Amino acid sequence: MDKLVIDGGIALKGDVAISGAKNAALPILTAALLTDEPLHVDNVPHLRDVSTMLNLLMQMGVTTMLDDKGGVELRAAKITEPVAPYELVKTMRASVLVLGPLVARLGEARVSLPGGCAIGLRPVDQHLKGLQAMGATIEMSQGYMIARAERLKGARICMDIITVTGTENLMMAAALADGTTVIENAAREPEVIDLAACLISMGAKISGAGTDVITIEGVERLHGARHSVMPDRIETGTFLVAAAVTGGDVRLTGARPKTLDAVLDKLRESGVHIETGDDWIHVKANGALKAVNLRTAPYPAFPTDMQAQFMALNCVAQGTARVVETIFENRFMHVQEMQRLGADIAVEGNTAVIKGVPALNGATVMATDLRASASLVISGLVARGTTTVERIYHLDRGYERIEEKLSRLGARIRRER
Ligand code: EPU
């Protein structure tokens with residue numbers, strides 16, 4: 001199994017290009033199921049989750065063609081197998097995103113229940129509730145959700161919980177439904193807006209994406225289109241924190257700072273100097289960082305996907321920070337690993353109290369999810385001596401060539417098998 005070996009203590013310096021967003025690319029790829037014409041998607045990040053999604057779509061009969069610029073053309077001329085099997089869903093929960101498009105286009109979908117996951121239970125009841133409101137019947141059989149509908153009908157759906165992929169699934173389903181659907185208490189994440197933009201370019205009638213009420217007027221059919229995936233705000237945030245903790249001076253290009261207000265505010269609060277343009281961010285750290293309290297919540301508040309990375313920052317900052325995780329019930333798995341590096345963290349329930357220490361010391365650590373792995377890489381970059389991060393297959397799910405990008409910024413980091 002691959003691991004990353006990091007010799008810490010180098011300040012990151014230079015330019016780094018941000019890749020397309022994983023969490024925008026995944027739903028956008030599944031949107032190809034909604035039309036028999038080609039959907040060309042540009043700026044698709046090269047990640048394991050993206051390969052998994054492409055495999056899943058190909059198993060269903062979608063043809064895919066990669067171009068040499070990081071784009072992919074998908075064509076769902078005929079869907080032969082409207083099934084997301086357990087073997088794929090268990091490795092990537094975002095597979096559930098095929099549910100809405102399949103029922104809408106074919107009137108049938110069989111998607112494995114995802115089961116538990118390292119960061120929490122993560123049920124999909126809201127996805128199902130929405131589809132049922134649109135007239136689908138749902139049956140559970142042998143671990144699979146089987147959804148059927150002659151043609152989905154527009155409905156008024158009030159989500160009990162703000163859910164990102166739930167909102168995306170229902171928006172895609174509603175695009176081909178008969179009549180108007182209103183999703184209330186919708187997720188406002190930028191990735192929802194990016195998916196809506198792609199669907200609109202395919203002929204969907206959607207308004208309100210980016211607010212908590214999205215209105216979708218169903219159409220008979222959607223057509224082919226070309227869409228470029230937005231920059232990854234979590235990859236951006238991860239490089240910003242890496243630069244900050246190492247006392248670095250880094251310019252991130254191809255980024256979208258407007259999607260990162262809460263993260264940039266927290267970095268400024270910690271004492272980091274930040275400058276932004278439309279598509280770039282310059283981060284410069286001078287001297288010691290200050291501890292920052294934070295509480296994760298749906299967009300535009302502080303993202304749960306940046307909680308672990310800021311925990312790494314707080315480990316070496318001056319003062320004590322309280323970090324409250326409100327989205328997932330088990331997203332502190334990185335804490336014990338950070339303690340192995342010498343961090344002073346106490347966890348009670350969904351709150352972690354972090355007392356900054358003068359230095360972390362290298363050790364072997366491993367992570368159980370993607371963002372936790374990223375936080376351990378950051379810890380390794382700032383720790384004294386050598387840190388080995390094991391099980392980096394989690395990292396490969398969501399960060400494109402992270403060790404290459406970090407090496408180019410001067411980090412001493414290498415992949416070993
Ligand atoms: N929830 C329910 N019922 C549902 C759906 C969600 O109770 O039907 C709960 C979840 O258990 C969780 C909360 O609602 O406690 C929010 O979950 P959400 O559905 O918003 O998460 P998701 O759509 O499964 C996406 C991202 C995650 C990110 C979360 C929160 C994708 C593919 N995944 O997941 O990304 O953490 O939103 O912002 O978009 C990651 O990239 O590392 C990652 C985990």
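Computed from a predicted structure; not experimentally measured. Counting convention: from 1, in listed order, for ligands and their atoms alike.
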Notebook entry, point to check: Does the N or O separation between Ile327 and ligand 1 drop below 3.5 Å for any pair?
Noted result: yes
Check: Are any of the heavy atoms in Gly398 under 4.0 Å away from ligand 1?
Finding: no
Margin query: Counting only heavy atoms closer than 4.0 Å, does ligand 1 sit against the backbone of Glu191, its side chain, both, or neither?
Written below: neither
Check: Any Lys/Arg nitrogen of Asp178 or Lys153 sitting under 4.0 Å from an Asp/Glu carboxylate oxygen of the other?
Finding: no
Item checked: Lys/Arg-Asp/Glu bridge criterion (N-O < 4.0 Å) met for Asp36, Arg221 -> yes
Check: Considering only heavy atoms, does Leu370 approach ligand 1 within less than 4.0 Å through its side chain, its backbone, both, or neither?
Finding: side chain
Next item on the list: Using a 4.0 Å heavy-atom threshold (strictly under), name the region of Asp305 that reaches ligand 1: side chain, backbone, both or neither.
Entry: side chain
Next item on the list: Using the ring of Tyr144 (Phe, Tyr or Trp, six-membered ring only), decide whether Arg110 places NZ or CZ under 6.0 Å from its centre and within 45 degrees of its axis.
Entry: yes
Notebook entry, point to check: Does a side-chain N-to-carboxylate-O contact under 4.0 Å join Glu403 and Arg401?
Noted result: no
Next item on the list: Verify salt bridge (charged side-chain N to carboxylate O under 4.0 Å, His left out) between Asp2 and Arg391, making sure each step is shown before the conclusion.
Entry: CA-CA 7 Å; Asp2 288 10; Arg391 295 204 183 164; over 6 Å; no
Checklist line | Residue, atom name and distance, where the atom is the protein heavy atom closest to atom 44 (C) of ligand 1 | finding: Arg331 NH2, 3.5 Å
Note to self: Using the rule side chain to side chain donor-acceptor pair (under 3.5 Å), only one of Asn350, Thr296, Thr351, Asn330 pairs with Glu325; which is it?
What the structure shows: Thr296
Checklist line | Contact check, Met92 vs ligand 1, heavy-atom distance below 4.0 Å | finding: no
Margin query: Check this for me: does any side-chain nitrogen of one of Arg397 and Asp369 sit under 4.0 Å from a carboxylate oxygen of the other?
Written below: no
Note to self: Tell me the nearest of Thr296, Thr165, Leu195, Asp369 to atom 23 (O) of ligand 1, using heavy-atom distances.
What the structure shows: Thr165
Next item on the list: Ignoring hydrogens, just give me the one of Pro27, Ala21, Pro123 whose non-hydrogen atom is nearest atom 4 (C) of ligand 1.
Entry: Pro123
Next item on the list: Would you check if the side chain of Glu390 reaches a backbone N or O of Lys3 as a donor-acceptor pair within less than 3.5 Å?
Entry: no
Checklist line | N or O pair under 3.5 Å between Thr304 and ligand 1 | finding: no
Notebook entry, point to check: Considering distance alone, does some N or O of Glu189 sit under 3.5 Å from an N or O of ligand 1?
Noted result: no
Notebook entry, point to check: Do His227 and Asn43 meet the criterion of a side-chain donor-acceptor pair at a distance under 3.5 Å?
Noted result: no
Check: Any nitrogen or oxygen of Glu168, main chain or side chain, under 3.5 Å from a nitrogen or oxygen of ligand 1?
Finding: no
Note to self: Using a 4.0 Å cutoff against the non-hydrogen atoms of Lys22, which atoms of ligand 1 qualify?
What the structure shows: 40 (C), 41 (O)
Margin query: Tell me whether His127 reaches ligand 1 (any heavy atom closer than 4.0 angstrom to a ligand atom).
Written below: yes
Notebook entry, point to check: Which residue supplies the protein heavy atom nearest to atom 14 (O) of ligand 1, what is that atom called, and how far is it?
Noted result: Ile161 CG2, 3.3 Å
Note to self: Under 3.5 Å between any N/O of Val164 and any N/O of ligand 1: does that happen in this structure?
What the structure shows: yes
Notebook entry, point to check: Under 4.0 angstrom from ligand 1, any heavy atom of Arg371?
Noted result: yes
